[in-house]
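Report on the following structure.
Values reported hereafter were calculated over all heavy atoms of this structure, with side chains retained and with hydrogens, waters and symmetry mates removed.
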Amino acid sequence: SATVTKINSYGSHIKGVLLLRYWKDIETSKGNFYWNDIDAIVNACVASGKKLLLRVQDRAFGGSNPLSSCPTYLQSENLTYSNTTKLVAGAALWRSGAMDYNIGVYRKIVDRYGDDTILVGLVGEE
């Protein structure tokens, strides 16, 4: 992909990459995870000697689909919020169910990439 090619072309002055992915792009449906994009970035970082910081975004700002960052099952379980005044919507992490699911996503990421020295950080919204 173009992103992988770009990472491979970074000079030695660039030490790492910040990758932002929406939660719904990682957990495509409840308990089902899509790793191909992240795997490709990890492999490109390995090949070019770069570190990776992964940010999982559980909210979106503006746009025509304000809940575009969240898996649809969060909506069906009433674990999302939408603030039309501030044009922000996302996972209602103050609700224990949403936070439990969110922690589960991070655990899956750590299970998959935690032993890799390329992934140096995992960042969320809260």
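Heavy atoms of other residues, nucleotides or ligands lying less than 6.0 angstrom from CZ of Arg107 number 12 at most. For CG of Asn36, the number of neighbouring non-hydrogen atoms (other residues, nucleotides, ligands) closer than 6.0 Å is greater than 12. Crowding of Lys108 atom NZ: a count of heavy atoms from other residues, nucleotides or ligands under 6.0 Å not exceeding 12.
Hydrophobic clustering keeps Val120 apart from Leu19 (ILVMFWY residues linked when any side-chain heavy atoms are closer than 4.5 Å, directly or through intermediates). Hydrophobic clustering, with ILVMFWY side chains joined whenever heavy atoms are under 4.5 angstrom apart, groups Ile38 together with Phe33. Under a hydrophobic clustering in which Ile, Leu, Val, Met, Phe, Trp and Tyr are joined whenever their side-chain heavy atoms come within less than 4.5 Å, directly or via other members, Ile41 and Trp35 fall into the same cluster.
Residues passing the side chain to side chain contact (heavy atoms under 4.5 Å, CB included) test with Leu122 are Leu54, Val56, Tyr106, Ile109, Val110, sequence neighbours excluded. For Thr28, the side chain to side chain contact (heavy atoms under 4.5 Å, CB included) test picks out Asn32, Tyr34, with sequence neighbours left out.
Taking all atoms of both residues into account, the shortest heavy-atom contact from Tyr81 to Ala91 is CE2-O, 3.4 Å. Nearest heavy atom pair, residue Leu79 against residue Gly97, reads CD1-C, 3.8 Å. Here the shortest heavy-atom pairing between Lys50 and Gly16 reads CB-CA, 4.2 Å. Taking both residues in full, the closest heavy atoms of Ala60 and Tyr22 are given as CB-OH, 4.1 Å, listed atom of the first, atom of the second, then distance. Of all heavy-atom pairs between Ser69 and Ala89, the closest is OG-O, 4.3 Å. Nearest heavy-atom pair across Leu93 and Ala98 is CD2-O, 3.8 Å.
Under the 4.5 Å side-chain criterion, counting only non-hydrogen atoms from C-beta, Cys70 is not in contact with Lys24. The closest side-chain heavy-atom distance from Arg112 to Asp39 is below 4.5 Å. Using a 4.5 Å heavy-atom cutoff, the side chains of Tyr73 and Glu27 are in contact.
Within the model, atoms CD1 of Ile118 and SG of Cys45 stand 6.5 Å from one another, a figure rounded to the nearest 0.5 Å. Distance check: Lys51 NZ to Thr117 OG1 gives 4.5 Å after rounding to the nearest 0.5 Å. From Thr80, atom OG1 reaches atom CG of Asp58 across 11.0 Å, with rounding to the nearest 0.5 Å.
Taking the six-membered ring for Trp, Tyr101 and Trp23 have ring centres at least 6.0 Å apart.
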Next item on the list: Starting from the C-alpha separation in whole Å, work towards a yes-or-no answer on side-chain contact (heavy atoms from CB on, under 4.5 Å) for Asp37 and Asp25.
Entry: CA-CA 9 Å; Asp37 291 343; Asp25 293 332; over 6 Å; no
Notebook entry, point to check: Which is it for Glu77 and Arg95 under the salt bridge (Lys or Arg N to Asp or Glu O under 4.0 Å) test, yes or no, and what are the steps along the way?
Noted result: CA-CA 11 Å; Glu77 294 184 28; Arg95 296 183 185 139; over 6 Å; no
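Other members of the cluster containing Leu18 are Leu53, Val123, with ILVMFWY side chains joined at under 4.5 Å, either directly or via other members.
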